[in-house]
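Taking it in order: structure first as structure tokens, then the write-up.
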Amino acid sequence: MITSVLVANRGEIACRIFRTCGELGIRTVAVHSDPDANALHARVADTTVRLPGATPAETYLRGDLIVKAAVAAGADAVHPGYGFLSENADFARAVLDAGLVWIGPPPEAIEAMASKTRAKELMGLRPLGEVGASDLPVLVKAAAGGGGRGMRIVRRLEDLSAALESARAEAASAFGDGEVFVEPYVENGRHVEVQILADTHGTVWALGTRDCSLQRRHQKVIEEAPAPGLSQGLEEELRTLAVRAARAVSYVGAGTVEFLVADDKAHFLEMNTRLQVEHPVTEAVFDVDLVALQIAVAEGQPLPESPPHARGHAVEARLYAEDPAHDWAPQTGTLHRLTVPGVRLDTGYEDGDEIGVHYDPMLAKAVAHAPTRAEALRKLAGALERAEIHGPTTNRTLLVNSLRHEEFTTAAMTTAFYDRHLTPLTTTLPDPHAPLAAALADAHARSRFGAWRNVPSQPQVKRYDLAGEETEVRYRWGREGLEADGVRVVHADARLVVLEVDGVQRRYEVSRYGDEVYVGPTALRALPRFPDPKTQLAPGSLVAPMPGTVVRIAEGLEVGAKIEAGEPIVWLEAMKMQHRISSPVTGVLSALHAVPGQQVTVGSLLAVVDTP
């Protein structure tokens, strides 16, 4: 009987596993890097063990340190979560060799399936060898790990070498394994997967299908169960292939078999020998706790002969601290508030936590379950729209618009969904009265009331940054209180403003954190009345859009070189992804401040390109 579990992971998945352990009466042990010393998963665990260092290679990828931590803390089992060492056979063996229970599949099964190249061979498939023009487009893919890291689509032969190099570097950084391979890229396919669960007594469950087609950079954004619109024959084929893959390697525990589906045909992608990020949608549809079942299987308990029946539909959206409108750039800063009403929220953050640069930018997973797909989509979109998310820029607008897009609501989406629709999905018309509501709330928060005078007061002026545009609002104190042209102020205090426009009253809840102001879902930044001219940059300046590490400079780049607009200059690594910083103008490189290995903050000047 398992009494204490160490989770060899961090963030949301560690918190999620701890929640189930608490319900089962199992003590919990967290490991944490130095940046995660005050992270939520470290705060909620019964016991914590420090892993000295900041990068994954120094901490969460150090299997030897994690095993030592488990032994020192008195844990009798280790759960790997997902990512990091979850599909590392050597780590699983080290856990078992230390006399601990491994809450996962046998090392031999991990070894057989964790490398995508070996998994394809097991399924009778082969990666491409020499790539010719007739093979294009192709996908460069990391042999280990997942989450879209180490993947590159290549449509021109001359881009293949650079794609291989950058994919190897990203895979090595994320998984400690730089092996990559090349396979045909299936255009306009759907990403469909099957959840499996197997025990040590020969029972294998196929817990339905999931659709994970909405992806950015090959990393899933919205997932749902069951996968909509599949023919009965294709659905049966997917379940059969998934069970066959599990039995081929004598699989035990939870796992996922992934496919690309196109023209009613299934193309095997890989088998993930771990719990998936999107497992909550399966839990909701089948009314199970997959983590509790993983623990029961690890204890040797048998599964019932047949899985429970599915009911209804579930959809999950991943809330990321990133800006989809600007090349999905990850964001950092203080998460002042995070509430999503009426749905399940799995997160590794609480109000006031800091979003750093070292790890994946996912803030939370919001999951809605309802009797039908249409009801589940409506429920989740409404919850996200009403959510209070105060802090770094997120993909909330993208998620709400995606859930309501006709191509998605009619289940006609493919993995190219965001390639086709990104601009309209990230475009939103901010409420034009939000700045006025912010100014009126601020006026009440700061006002010193005195006697009203018969002489009209001069209007007060406030300036805000709203969606990247400067806006100015004016208001004055009058006989009836605060007044604004064209708008009737029904009520105003420091937290709530009610405005009436054309006979319609609207309520605005206002929150302030220094210069940051949130009016409902609208984020604004209060601007000084007179801007500081020292903060102005030359038109050709390249600045860091995020904090991170300079990993490389364009080959042969020197001051004085001619640069074309859009030409890549610097590559930054932030939150386990590499980001290319390109020149905004055509001209001559007049300054190069970036150096490989340099740590930079948001707004750091990297280079300057002078225009003629």
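From a predicted model like this one, the values you see are computed outputs, not experimental measurements.
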Distance-minimising heavy-atom pair for [X] and [Y]:
| X | Y | result |
| --- | --- | --- |
| Pro435 | Tyr464 | O-CE1, 3.6 Å |
| Ala163 | Val154 | CB-CG2, 3.5 Å |
| Ala227 | Val192 | CB-CG1, 4.0 Å |
| Pro424 | Asn401 | O-ND2, 4.0 Å |
| Val140 | Ala167 | CG1-CB, 3.7 Å |

His279-Tyr82 aromatic ring centre distance below 6.0 Å: no
Within the 6.0 Å centroid threshold, strictly below: Phe91 and Phe84: no
Does a side-chain N-to-carboxylate-O contact under 4.0 Å join [X] and [Y]?
| X | Y | answer |
| --- | --- | --- |
| Lys365 | Glu278 | no |
| Lys220 | Glu193 | yes |
| Arg217 | Glu322 | no |
| Glu388 | Arg337 | yes |

What's the spacing between [X] [atom1] and [Y] [atom2] if we round to 0.5 Å?
| X | Y | atom1 | atom2 | answer |
| --- | --- | --- | --- | --- |
| Leu40 | Arg10 | CG | CZ | 10.5 Å |
| Leu425 | Leu403 | CG | CG | 10.0 Å |
| His336 | Arg512 | NE2 | CZ | 13.0 Å |
| His267 | Glu258 | NE2 | CD | 15.0 Å |
| Glu179 | Arg168 | CD | CZ | 10.0 Å |
| Asp34 | Arg50 | CG | CZ | 4.0 Å |

Has [X] got a side-chain atom pairing as donor or acceptor with [Y]'s backbone, closer than 3.5 angstrom?
| X | Y | value |
| --- | --- | --- |
| Asp351 | Leu338 | yes |
| Asp465 | Glu470 | no |
| Asp431 | His433 | yes |
| Ser583 | Val585 | yes |
| Thr586 | Ala565 | yes |
| Asp327 | Ile581 | no |
| Tyr320 | Val221 | no |
| Glu58 | Ala54 | yes |
| His41 | Val31 | yes |
| Glu87 | Thr273 | yes |

Tell me whether [X] at atom [atom1] has more than 12 heavy atoms from other residues, nucleotides or ligands lying less than 6.0 Å away.
| X | atom1 | result |
| --- | --- | --- |
| Asp263 | CG | no |
| His593 | NE2 | yes |
| Glu406 | CD | no |

Short side-chain donor-acceptor distance under 3.5 Å, Glu12 and Thr347: no
Any side-chain heavy atom of [X] within less than 4.5 Å of one from [Y]?
| X | Y | answer |
| --- | --- | --- |
| Leu319 | Arg396 | yes |
| Leu214 | Tyr418 | yes |
| Leu384 | Val340 | yes |
| Glu316 | Val277 | yes |
| Tyr359 | Pro35 | yes |

Residue pairs passing the side-chain hydrogen bond (donor to acceptor under 3.5 Å, both in side chains) test where at least one lies in residues 407-416, sequence neighbours excluded: Glu407-Arg420, Glu407-His421, Thr414-Arg420
Residue list, side chain to side chain donor-acceptor pair (under 3.5 Å) with His390, at least two apart or on another chain: Tyr513
Residues that Glu350 engages under side chain to side chain donor-acceptor pair (under 3.5 Å), provided they are two or more places apart: Arg43
Verdict with supporting geometry, Arg210 and Thr256, side chain to side chain donor-acceptor pair (under 3.5 Å): CA-CA 10 Å; Arg210 296 190 289 250; Thr256 301; 3.1 Å; yes
